[in-house]
Each structure stands twice: as C-alpha cells, then as structure tokens.
Protein chains: 2
Amino acid sequence: MKTCMTGAMTRRTALAALGSAVAAPAVARGGRSGARRPNILYIMADDMGHADLGCYGSRDIRTPAIDAIAARGVKFGNAYANSCVCSPTRIALLTGRYQGRFRIGLEEPIAFNGDELSLPRGTRTLPGLLRDLGYATSLVGKWHVGELPASSPLDHGYDYFFGIASGGTDYFAHATTINGHEMGKLFENRTEIQRPGYLTDLLGAKAIDRMRLAARQDRPFFISLHFTAPHWPWQGPGDAAQGSAAADPRQMDGGNVRAYAAMMEGMDANVGRVLAELAALGLQEDTIVIFTSDNGGERFSDSWPLTGMKGELLEGGIRVPLIVSWPAHLPKGRDSAQVTMSMDALPTLLSAAGGDPGRVEGLDGIDLMPFLRDVDSRTDRTLFWRHRAGDQIAVRSGQWKYLRSYGRDYLFDLSQDERERADRKAAMPGKVAELKAAHAGWLAQMLPYPEHSYSEDMLGKFADRPRE
Amino acid sequence: MKTCMTGAMTRRTALAALGSAVAAPAVARGGRSGARRPNILYIMADDMGHADLGCYGSRDIRTPAIDAIAARGVKFGNAYANSCVCSPTRIALLTGRYQGRFRIGLEEPIAFNGDELSLPRGTRTLPGLLRDLGYATSLVGKWHVGELPASSPLDHGYDYFFGIASGGTDYFAHATTINGHEMGKLFENRTEIQRPGYLTDLLGAKAIDRMRLAARQDRPFFISLHFTAPHWPWQGPGDAAQGSAAADPRQMDGGNVRAYAAMMEGMDANVGRVLAELAALGLQEDTIVIFTSDNGGERFSDSWPLTGMKGELLEGGIRVPLIVSWPAHLPKGRDSAQVTMSMDALPTLLSAAGGDPGRVEGLDGIDLMPFLRDVDSRTDRTLFWRHRAGDQIAVRSGQWKYLRSYGRDYLFDLSQDERERADRKAAMPGKVAELKAAHAGWLAQMLPYPEHSYSEDMLGKFADRPRE
C-alpha cells in the first residue's frame with residue numbers, strides 16, 4: 001500500500017484501508033461496556049507556530065515531553081488547522097465538519113458579538129459520540145465556542161468542564177478586560193470559580209485528576225486538554241506580578257521570545273506531568289495521545305520555513321504540528337506526509353474507539369487510522385479554507401496550493417516550495433482555474449458570512465506587517 | 001574596561017582605548033615597506049539572512065568553513081549594514097562614511113539609471129588608503145558601485161578587479177537581461193571576458209590566485225572577496241542547465257530553501273578553499289579574515305528571531321552576521337555585543353594596518369579594534385538609516401530603536417525584544433521625540449534624494465507581503 005507523495009491511493013485501496021481500520025481495533029469492539037476501548041488524551045496548544053517544538057525544529061524552546069510523544073508515535077508534516085484563527089478550528093474539531101456549515105463557525109474568531117452564539121443543540125460532536133460509547137468526556141481548558149450560559153461544553157458532549165469560555169485570559173488572575181468587555185473567567189462546569197495558580201499548571205493538574213477519576217471508575221476517558229498557552233498575555237510561570245498589571249491583555253507593547261519560550265516550556269512541563277501520571281496509572285500503552293495546535297503562530301512564534309502567521313491562509317497561518325501516539329497499535333518514531341485537517345479527529349478517534357464514522361452523516365473529515373498504521377501510505381485530498389479578513393481563500397490539492405489573499409492570486413507547488421515564494425500562477429493557468437472552480441463548488445455548500453461577522457487578521461499591528 | 005550592555009564607556013575611556021589600539025599593532029608600524037602589515041581578506045555575502053549561517057543558528061544550511069572563522073575569532077551580535085539594499089552598503093564600506101553623503105549613495109540599489117554614476121574621483125577609499133600603505137588591493141566579485149566604464153573599481157583604490165559591476169548575474173552564463181537591460185557581464189580589470197564555470201567557484205579560485213601572487217611578491221594584500229551568492233538567480237553549483245533558462249533572473253516563480261542552501265553551501269565551500277590556501281601559504285596567523293553580508297536576507301533567507309527582510313529597516317533587513325578573526329592578535333571563539341556598521345571597516349582595518357584613521361577627515365565609522373581586542377568592552381553609539389521606499393527611517397541608540405515605516409512610528413527596546421514586536425512608543429514619548437530629533441539632525445547632513453532616484457522594497461512581490 002506504499003505510495004509516493006504525488007501518487008494517490010486509488011479510491012478502492014483507500015476504501016479497503018478504511019474498512020480494515022474500522023474492523024481492526026478488536027480491543028475496542030464488542031468489549032464489555034467499553035472497558036477495553038483506548039483512552040484518548042487530545043492536547044491542543046493555542047497560537048503555537050509550526051516550528052515552536054523541538055521535534056519540529058525549534059532553536060530556542062525545549063519541549064522534551066512533547067518531543068517524547070513524537071518519539072513513540074507518528075509526526076505529521078502536512079497537518080492543517082481548519083482555520084487560521086481559534087474558534088472555527090475548534091468547531092471543526094468538535095463536529096468533524098467544515099466550520100462554515102454552522103453560523104457560529106462564521107466568527108473568526110468568536111469575539112464580542114458571540115454571547116448568544118452556540119452550535120445547534122443536538123449537533124453530533126466528537127465528545128458526544130465517544131460518550132455514547134461509554135467514555136468519560138472532559139474539556140480541561142479553553143472552549144471558545146461561544147460564551148456561557150448560551151453555549152456550554154456540557155451541552156455539546158462533555159461530562160465535565162474546567163476552564164475558560166473565551167479566547168484568552170490572564171494566566172494568574174483568570175479574568176481580564178478588553179475594550180471594556182470582561183472575559184476569561186474560570187469555570188468549573190457551569191459555575192464561575194476562583195482558583196489560585198498559573199493557568200497552565202491548573203490545567204495540567206486537572207487533567208491528571210480526570211484521568212485518575214476515570215481509572216478509578218474503570219471507564220475509558222476522552223480528555224480534551226486545551227491549553228491557552230502560548231496565547232497572549234505574555235506571561236511565563238514566573239511572571240505573576242508583571243502579567244496582571246498589563247492594561248490590555250493582548251500586550252501589543254510587551255512580550256518577547258524569552259517570555260514566549262517560558263510559556264511553551266511551562267506547557268511542555270505540564271504535558272510531561274500528565275504523561276507521567278498516565279504511565280503511573282498503567283495506561284500508557286492503550287491511550288491515544290494527540291498533540292496539535294489550533295492555528296499558526298502569533299507574533300513571537302517561529303514557523304520556519306513557512307511564511308505567514310495566525311490570521312493568514314499562508315502555510316504559517318494554517319499548518320500545525322500534529323503528533324499521534326498509541327503505543328499498543330501504531331508505529332513509533334515515524335513521520336507521515338499524509339495531508340490532514342483538524343476535522344479529521346472525529347472520524348479518526350471514533351474509529352479508534354470502535355465506533356463507525358461511516359454512520360455519522362455529513363462528515364468532511366476522514367479516518368486517518370489507515371495512514372497512522374501504515375505511515376508510508378497516503379490518500380490525495382483537496383482541502384479548502386476561507387477567511388473573511390483580507391478576502392482570503394485557499395485550496396490544497398496534492399502538491400498544489402491556490403491562494404487568494406488581499407486581492408492577489410497565487411499558485412504554489414508545496415512539494416518544491418513550502419515557503420510559498422515561487423508563484424507558479426503564470427506558468428499554470430489551467431491549474432489555477434481548476435482549483436478556483438473547486439473552491440467555488442465548495443463555497444456554495446458553506447453558509448454565507450453575515451454582514452456583521454467578525455474576522456481578524458494580524459496585519460497592521462506588527463512592525464513587519466506595516467500597512468493598515 | 002569592562003562595561004555592561006547599557007553602561008557606556010565614557011568618552012575618555014573610549015578615546016584612550018582608541019589611542020592604545022592605534023598604537024598597538026607594532027607589527028604593522030614602522031615595518032619595512034609594510035611587509036609585516038597584516039593581510040586582510042574581507043568576504044561579503046550578498047542578501048544573506050542573519051540566521052543563514054550555522055554559527056548564527058541556521059537549521060538547514062551547513063557552513064563549517066565560515067563557522068570555523070568564528071571559532072578562531074570574534075562574532076558580533078549587533079552588526080548592521082549601512083543599508084537594507086546592496087549598493088549603498090558597498091559605498092559606505094568603501095568610504096567609511098554614510099552613503100547619503102554621496103550622490104551615488106542615493107540609489108537604493110543602483111539600478112538602470114546608474115550607468116553614469118560614480119563616486120567622485122579622489123574620494124578616499126578603504127582599498128586606496130591600504131594601497132598607500134603598500135597593500136596589493138583586489139576586488140574579486142561584485143562591485144555594484146556604478147557601471148563600467150564610468151565607475152571602475154580600478155578608479156577607486158583597487159589594483160585589480162575580477163567580477164561583475166551590476167547587482168547580480170546568472171551564475172553560469174555570467175550575463176543576464178532584466179527588462180531589456182543587459183547586465184551582469186564578467187570583467188577582468190576593464191575588459192569584458194568569458195570564463196566557463198559557476199561564478200562562486202570562479203571567485204574562490206581567483207581569490208586564491210591573488211593571495212598567491214601577493215605572497216610571491218612579499219606584499220601584504222587586501223582582497224575584497226564579494227560573492228554574489230546567495231543573491232538571485234536561484235542556482236546552486238549543480239544547476240547549470242536549469243538556471244540559464246530562466247526568463248527573468250529574479251525568478252519570482254522559482255527557487256526554494258533547498259536551492260538557496262546549495263548556493264550558501266557552495267559559497268561556504270569556497271571560503272573553505274580560500275582559508276585552506278591561506279594556511280598553506282603560512283599566512284593564517286597574521287591575516288585578518290572578515291565575513292559579513294551587505295544587507296538582510298531575501299525571500300528564502302532565515303533571519304530568526306528577527307523580523308523584516310532586505311528592503312526594510314526592520315532588524316531583519318539591516319542586521320547582518322559579522323565575524324572577524326586575526327589569530328595573532330584577537331581573542332578566539334568570543335562574542336561581541338558592540339554595535340557596529342559596515343562603514344566601520346575602513347577605520348578598523350586602516351588602524352590594524354598601521355594607518356591612522358584619525359587623519360582621515362569626515363569618517364562616520366569608528367575603529368573597532370579596541371572592542372575586538374577586549375570583547376567585553378563597548379561604546380554606545382547612535383546609528384542612522386533612511387530608505388526612500390516606504391519612507392523608512394531608523395535610529396539605533398543604546399538599547400533603543402526608533403523606526404518609521406510606511407506611515408507609522410515605532411519604538412523598540414532591542415535589549416528585550418529584538419523581534420520588534422513590542423511597540424514602546426506610547427509608553428515613552430520622550431524617547432521617541434529624542435530619537436526623531438537626532439535623526440533630523442543627521443538627515444540635515446545627508447544629500448536630499450533626487451526626484452528620480454531608485455529605491456526598492458520587497459513588499460507586494462511575495463505572498464507574505466501581500467499588499468501592493
């Protein structure tokens with residue numbers, strides 16, 4: 001089943017692989033009350049750049065715990081976020097569908113007009129489907145899929161929630177104010193709470209609690225551990241005094257690569273604590289651990305050799321690290337070049353848990369299990385993005401990427417030039433037309449942006465994006 | 001004489017250091033006919049990024065020969081080019097003065113209206129001053145200080161010239177055409193020549209020839225080895241067929257980080273050949289070897305953690321690697337945080353050669369020898385830039401940088417944030433006013449831009465600089 005980068009699997013072999021994957025995890029199917037289903041720990045960083053991890057080439061940041069997941073699992077080089085900003089990616093992750101199918105997915109990200117927005121009740125979600133299979137499901141960390149009480153994780157498949165509903169918060173005060181809007185309050189389930197400590201540490205500790213509880217109950221667990229790190233404000237674990245004094249948590253006048261590294265290393269340390277507890281509980285072998293980010297890096301991130309950043313559909317805004325380990329069933333220390341997107345998590349994890357993604361209607365994501373089990377296999381796919389700020393649209397199909405950004409068209413051959421500097425548009429007008437037409441066909445399935453939806457880019461705010 | 005980063009040397013101690021440095025190189029003063037003066041090999045890359053060398057943090061490019069210079073010399077972390085594009089930096093290097101003091105220095109870079117431009121005859125230059133001290137002076141490589149015959153290196157202090165007069169050329173054909181303008185022809189002295197081979201290799205071989213000749217003649221040499229690498233076109237040593245076929249040598253539709261790495265590694269290999277010959281000639285101990293770049297990196301460069309690129313006054317456009325080795329007299333394997341600029345080469349090398357920079361009127365550069373001999377010492381200085389494209393101006397003074405770029409003002413504390421993301425302007429209006437006033441005072445000494453001078457930025461040409 002080995003194929004080269006440009007040689008697609010045929011539909012038949014792809015389907016065969018899919019079928020065998022669904023059939024494969026005997027441990028998970030027919031087991032009594034799901035007790036032998038794999039545990040799932042899905043860890044998501046916030047605004048982390050593609051090269052901010054040691055195992056993805058970071059020069060300044062040490063991430064031994066996250067690198068160790070890669071050493072005992074599969075590391076993807078062509079993993080994409082569904083969006084170049086926070087909320088839409090999280091909606092795609094929850095639903096396995098393009099975010100543009102939902103009204104709430106048209107906020108990029110959900111900002112100050114999101115108080116009443118929610119996914120429709122009854123929308124099938126990754127945690128809900130796993131709960132149906134007997135999983136204890138917890139969201140520990142950032143939600144950002146609407147504000148409480150209108151939109152609670154508890155209404156969308158999670159048994160338990162500990163974290164913040166908004167996009168970011170002060171790491172020590174767990175509350176902050178932007179433009180007069182209070183945000184970032186800490187909740188446990190539906191109740192606002194006070195808890196001293198550095199948020200990244202609190203989230204690590206709470207994930208450990210949830211793992212222990214599930215183990216005591218002999219239930220498989222699905223824990224979404226959604227760190228706010230390394231999102232602004234720029235506060236490392238030792239910055240309690242400095243951080244809370246910032247007038248605006250976005251701190252456009254503060255931060256630097258050292259503070260950023262401290263935030264990353266604080267997150268890595270907590271990943272290390274969680275994984276150590278997993279081992280201590282004897283669950284390491286049959287727990288799927290995933291580590292990824294919600295979108296590309298922000299102003300202090302490294303995305304070498306990619307260009308662009310959060311808020312842009314250049315690769316640096318949408319290509320993210322993705323590491324998947326499952327020691328009992330997947331190869332170790334291997335790379336995959338399979339193109340994937342955040343929305344693939346639902347069919348992949350449902351499949352691994354013994355569910356049948358084929359019975360979930362309307363999914364846009366695919367089951368990655370065949371490509372995880374055989375890391376040399378691939379399937380071609382065509383993925384689509386749009387982002388209202390800058391009138392950006394993008395298509396990735398095979399080695400090709402069509403990008404429309406701020407009034408200009410580009411065509412890049414990512415197999416040659418992942419830095420997106422060599423514009424092949426003039427040489428290949430047919431390919432441009434083909435990908436534009438494919439995008440138009442996809443766009444017709446998405447909801448139109450309402451007049452007042454919010455869409456954010458980072459242009460004009462930073463010195464190297466100088467034009468307003 | 002140790003001072004911390006922010007603690008300036010007093011003027012008195014600085015002058016004392018300067019005095020002792022001028023007095024120090026006894027080997028070079030009073031020797032018979034300059035025979036014991038140090039040889040000087042000044043190597044300049046073209047459009048190389050701050051992080052494109054192994055010893056400056058490159059992840060993808062191997063530069064063992066250049067790294068070895070750093071291991072036996074002093075590596076600067078705060079070295080600047082006089083300009084964010086080619087020609088003006090070269091003019092400052094030649095004259096030891098801000099380029100804006102010369103009409104030819106107002107072309108950024110010299111483009112198609114530069115045929116009749118030249119430095120005024122009789123302008124004191126680094127090679128001319130060294131020639132007066134008995135040096136054999138050669139320019140091997142790129143000139144780009146006007147076109148022949150109006151402006152020849154032979155009219156400005158060099159005994160010998162082998163290379164191109166223009167900004168870039170095909171690495172194999174040694175001639176190219178942009179917008180109907182023929183450029184990049186290979187010259188030896190004043191004569192156009194044909195010579196097969198990869199230009200980087202030809203320049204390395206020619207530098208070796210010039211060293212051997214000077215050694216046979218028992219003369220000290222000053223060789224400017226000004227590679228065109230890694231400037232476009234994107235041709236590595238093995239790309240003979242591909243490269244010459246490009247319709248436009250700027251190749252906006254080609255190139256990638258691998259081709260770029262091959263060009264860099266081809267240059268490093270030639271630096272290695274030249275240094276091996278230096279050792280074989282027994283000249284390694286008493287030869288000053290300098291390696292630097294003319295401006296920041298172009299589209300495939302890495303400048304982490306800096307932002308910005310060639311054509312911009314952000315640090316990524318102007319901060320350059322600078323390595324200086326002189327085994328007989330300077331410390332080895334040390335770093336210097338002294339702020340320097342291209343125009344410092346003239347007083348520094350003149351001083352090292354036993355000349356007296358204090359007798360050269362009107363210099364803007366300073367003698368770096370005290371800071372090379374005692375790498376823990378520093379002197380504060382205030383440096384200025386302007387660049388017509390984008391109406392950019394910049395000042396660096398101590399830890400502060402004032403930047404005006406595309407209609408916006410910024411203030412950065414480079415001691416905290418070399419990435420230029422945290423704008424301190426609102427917090428420190430007095431510092432902004434002080435640096436703006438200093439810039440105005442400096443600008444009054446520079447020539448005004450003529451209406452039709454050329455000024456280039458890179459905005460609008462690349463996907464991550466999307467706005468025209």
Side-chain angles (χ1 to χ4, degrees), chain A residues 51 57-60 234 247 251-260 298-300 302-309 312-317 390 392 401 403 405-408 410-413 415-428 459-468, chain B residues 51 57-60 234 247 251-260 298-300 302-309 312-317 390 392 401 403 405-408 410-413 415-428 459-468:
Chain A
S58 177
R59 283 172 281 208
D60 304 322
W234 311 118
Q251 284 181 284
M252 298 307 296
D253 61 350
N256 55 52
V257 292
R258 286 172 297 285
Y260 185 83
E298 232 250 36
R299 71 198 95 152
F300 296 112
D302 186 0
S303 63
W304 179 262
L306 310 179
T307 52
M309 65 189 300
E312 298 178 306
L313 295 184
L314 285 153
E315 293 289 291
Q392 298 173 79
K401 179 172 174 185
L403 172 68
S405 174
Y406 294 87
R408 294 184 61 163
Y410 304 88
L411 180 70
F412 299 111
D413 179 351
S415 72
Q416 295 298 312
D417 170 35
E418 60 193 341
R419 199 158 166 73
E420 294 175 288
R421 296 295 201 182
D423 186 1
R424 305 295 299 152
K425 173 186 63 197
M428 305 196 62
L459 294 169
K461 294 182 179 173
F462 306 122
D464 71 337
R465 296 288 190 285
R467 297 179 183 188
E468 294 275 3
Chain B
S58 177
R59 284 172 281 208
D60 305 322
W234 311 116
Q251 283 180 283
M252 299 307 295
D253 61 349
N256 55 52
V257 292
R258 287 172 296 285
Y260 184 82
E298 232 251 35
R299 71 199 94 153
F300 295 112
D302 185 0
S303 63
W304 179 261
L306 310 180
T307 52
M309 67 189 298
E312 298 177 308
L313 295 185
L314 285 152
E315 294 287 292
Q392 298 173 78
K401 179 172 173 183
L403 172 67
S405 174
Y406 295 86
R408 293 183 62 163
Y410 304 88
L411 180 70
F412 300 112
D413 179 351
S415 72
Q416 294 298 310
D417 170 35
E418 59 193 342
R419 200 159 165 74
E420 294 176 289
R421 296 295 201 182
D423 187 359
R424 305 295 299 151
K425 175 184 61 195
M428 304 194 63
L459 295 168
K461 294 181 178 173
F462 306 121
D464 71 337
R465 296 287 190 287
R467 295 179 183 188
E468 295 275 3

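For clarity, every value in this text was computed on a predicted model and none was experimentally measured. Every chain is numbered from 1, with letters handed out A, B, ... down the list of sequences.
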Counting heavy-atom pairs under 4.5 Å with chain B, the top scorer among A/Asp413, A/Leu411, A/Asn256, A/Asp253 is A/Asp253
At a heavy-atom separation under 4.5 Å, does B/Ala51 approach chain A through its side chain, its backbone, both, or neither? both
Look up atom CG in A/Asp417 and atom CZ in B/Phe300, then write down how far apart they are to the nearest 0.5 Å. 5.0 Å
Is it the side chain or the backbone of B/Ser303 that comes within 4.5 Å of chain A heavy atoms, both, or neither? neither
Max heavy-atom pairs within cutoff under 4.5 Å with chain B, candidates A/Gly254, A/Ala422, A/Ala427, A/Gly57, goes to A/Ala422
Run through A/Gln416, A/Arg421, A/Arg419 and flag the one making a side chain to side chain contact (heavy atoms under 4.5 Å, CB included) with B/Val257. A/Arg419
Not counting sequence neighbours, which residues clear side chain to side chain donor-acceptor pair (under 3.5 Å) with A/Asp302? List them please. B/Arg59
Qualifying residues under side chain to side chain contact (heavy atoms under 4.5 Å, CB included), relative to B/Glu418, sequence neighbours excluded: B/Pro305, B/Leu306, B/Arg319
